[in-house]
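Below is one structure; the comments refer to it alone.
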Amino acid sequence: MIGSIFVGLAFNIFFLPARLAAGGVSGISTILYELYGFEPAFIQWLINIPVFFLGFALLGKEFSLKTLVGTFFVPFTIWASADIPFTIDNPLLSAIYGGILLGVGLGIVYRGNGSTGGLATVAQIVKKYSGLSSGYAQLLVDGMVVVASAVVFNLELALFAMMAIFVTSKVIDFVQLQTSPSKLVLIITEQEERIQTIIKEEIDRGLTKVRSVGGFSNQEKTMILCVVEQQEAIYLKRVLQEEEPHSFVVFLNASEILGKGFSLAK
């Protein structure tokens, strides 16, 4: 429901005022609003009904029940916020910030294994049978609507709409990965017991030891893998520089951590 509300607000605040048909049923409703003045909320409800039954047949009962929520709440939000005073009609700003808000909304919905209905359901069908990520599946489906908008509006607005779709696709994948500030630390050292003591006693984290051979020295060493939070990484870096300056240390961004101490209690 929260994700669907974000999607509806992105439409009314950014896309409709800027005349950006940024894919999906919302893009179709933008085109029809421009051509005939049809109410976008009712157009979206009208299109979403047959697509809902298609999703029910191909994606299963659980998905379709959650899609029913999105199918109702997105047009409802568009209808309820039709007179919202905060709107942006600048195409560039709408493409960037509208794309971010739409991506956050769709990402939340997809994390719940649902859909906002319409072509978002079609994108999830494409994802299921093609192996593409949710973001790229959405990009493929929405691109068809942008081609139509180039004919109805103009090429410049269509390019801004494509920019919005690209931003949306990246934000969808970002939200679904639940990118965290955690760090994966790789430590290659000959002093494994000392490093192990530092990690366990100084920051209270677990670790994994991998036997390795130096490519230059051809000597056996130990590679220690450890996942830590952002502040723990800063502290660990300082301790290692002071007490084990000869160890080779790499800090990598960890997008999502599943396991004890992170997604599960220690």
Side-chain angles (χ1 to χ4, degrees), residues 3-56 64 67-103 105-106 109 115-126 137-169:
S4 298
I5 290 172
F6 284 166
V7 172
L9 290 177
F11 179 82
N12 270 346
I13 295 174
F14 297 103
F15 296 139
L16 188 63
R19 301 165 68 213
L20 297 183
V25 173
S26 65
I28 296 174
S29 66
T30 300
I31 294 173
L32 294 178
Y33 178 80
E34 178 73 15
L35 291 176
Y36 307 108
F38 293 157
E39 180 63 38
F42 295 114
I43 290 296
Q44 293 188 32
W45 268 319
L46 185 63
I47 296 175
N48 283 341
I49 292 174
V51 175
F52 170 78
F53 287 106
L54 178 65
F56 183 85
S64 297
T67 299
L68 184 61
V69 176
T71 298
F72 173 78
F73 268 95
V74 171
F76 176 77
T77 302
I78 292 173
W79 173 79
S81 62
D83 297 323
I84 190 170
F86 310 106
T87 59
I88 303 296
D89 57 8
N90 181 290
L92 179 59
L93 294 178
S94 295
I96 296 174
Y97 293 101
I100 292 173
L101 185 59
L102 178 60
L106 290 177
V109 172
S115 169
T116 56
L119 298 192
T121 298
V122 177
Q124 289 298 87
I125 294 173
V126 171
Q138 193 75 42
L139 182 65
L140 177 64
V141 172
D142 289 342
M144 301 177 185
V145 179
V146 173
V147 173
S149 75
V151 177
V152 175
F153 300 115
N154 55 60
L155 181 59
E156 182 176 316
L157 287 178
L159 292 175
F160 278 120
M162 184 61 77
M163 179 189 300
I165 293 171
F166 179 78
V167 172
T168 298
S169 70

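Note: hydrogens, waters and symmetry copies are ignored here, and every other heavy atom, side chains too, is used.
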Output a table of donor-acceptor pairs, distance under 3.5 Å, between side-chain atoms of residues 90-97 and any protein atom two or more places apart or on a different chain; print 'none' if there are none.
residue: N90; atom: OD1; partner: L92; partner atom: N; Å: 2.9
residue: N90; atom: OD1; partner: L93; partner atom: N; Å: 3.0
residue: S94; atom: OG; partner: F14; partner atom: O; Å: 3.2
residue: S94; atom: OG; partner: I88; partner atom: O; Å: 3.0
residue: S94; atom: OG; partner: N90; partner atom: O; Å: 3.0

Can you tell me how far the [atom1] atom of [X] sits from the [atom2] atom of [Y], to the nearest 0.5 Å?
{"X": "E39", "Y": "I78", "atom1": "CD", "atom2": "CD1", "answer": "9.0 Å"}
{"X": "I13", "Y": "D89", "atom1": "CD1", "atom2": "CG", "answer": "13.0 Å"}
{"X": "W45", "Y": "I49", "atom1": "CH2", "atom2": "CD1", "answer": "10.0 Å"}
{"X": "I47", "Y": "T71", "atom1": "CD1", "atom2": "OG1", "answer": "12.0 Å"}
{"X": "L9", "Y": "F15", "atom1": "CG", "atom2": "CZ", "answer": "12.0 Å"}
{"X": "N48", "Y": "F53", "atom1": "CG", "atom2": "CZ", "answer": "12.0 Å"}

Original post:
Excluding sequence neighbours, so at least two apart, what forms side-chain hydrogen bond (donor to acceptor under 3.5 Å, both in side chains) with E34?
Top reply: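 Once residues adjacent in sequence are excluded, the partners of E34 under the side-chain hydrogen bond (donor to acceptor under 3.5 Å, both in side chains) criterion are R19.
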
**OP:** Kindly write out the residues that satisfy side-chain hydrogen bond (donor to acceptor under 3.5 Å, both in side chains) with S81, not counting sequence neighbours, or none if the list is empty.
**Re:**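 For S81, the residues satisfying side-chain hydrogen bond (donor to acceptor under 3.5 Å, both in side chains) (neighbours in sequence not counted) are N12.
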
Original post:
Out of L101, T30, L102, which residue meets the side chain to side chain contact (heavy atoms under 4.5 Å, CB included) rule with F11?
Top reply: T30

**OP:** For a side chain to side chain contact (heavy atoms under 4.5 Å, CB included) with M162, tell me which candidate from V146, L157, L20 qualifies.
**Re:**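 Single pass found, and it is V146.
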
Closest non-hydrogen atom pair, [X] against [Y]:
{"X": "Q44", "Y": "S29", "answer": "NE2-OG, 3.2 Å"}
{"X": "A22", "Y": "A164", "answer": "CB-CB, 4.1 Å"}
{"X": "S149", "Y": "A158", "answer": "OG-CB, 3.7 Å"}
{"X": "V145", "Y": "G23", "answer": "CB-CA, 3.7 Å"}

**OP:** May I ask you to decide if the ring planes of F76 and F72 are parallel, tilted or perpendicular, using 30° and 60° as cut-offs?
**Re:** parallel

**OP:** May I have the step-by-step check of side-chain contact (heavy atoms from CB on, under 4.5 Å) for T77 and V7, ending in yes or no?
**Re:** CA-CA 8 Å; T77 302; V7 172; over 6 Å; no

Original post:
Should we count CZ of F153 as having more than 12 external heavy atoms under 6.0 Å?
Top reply: yes

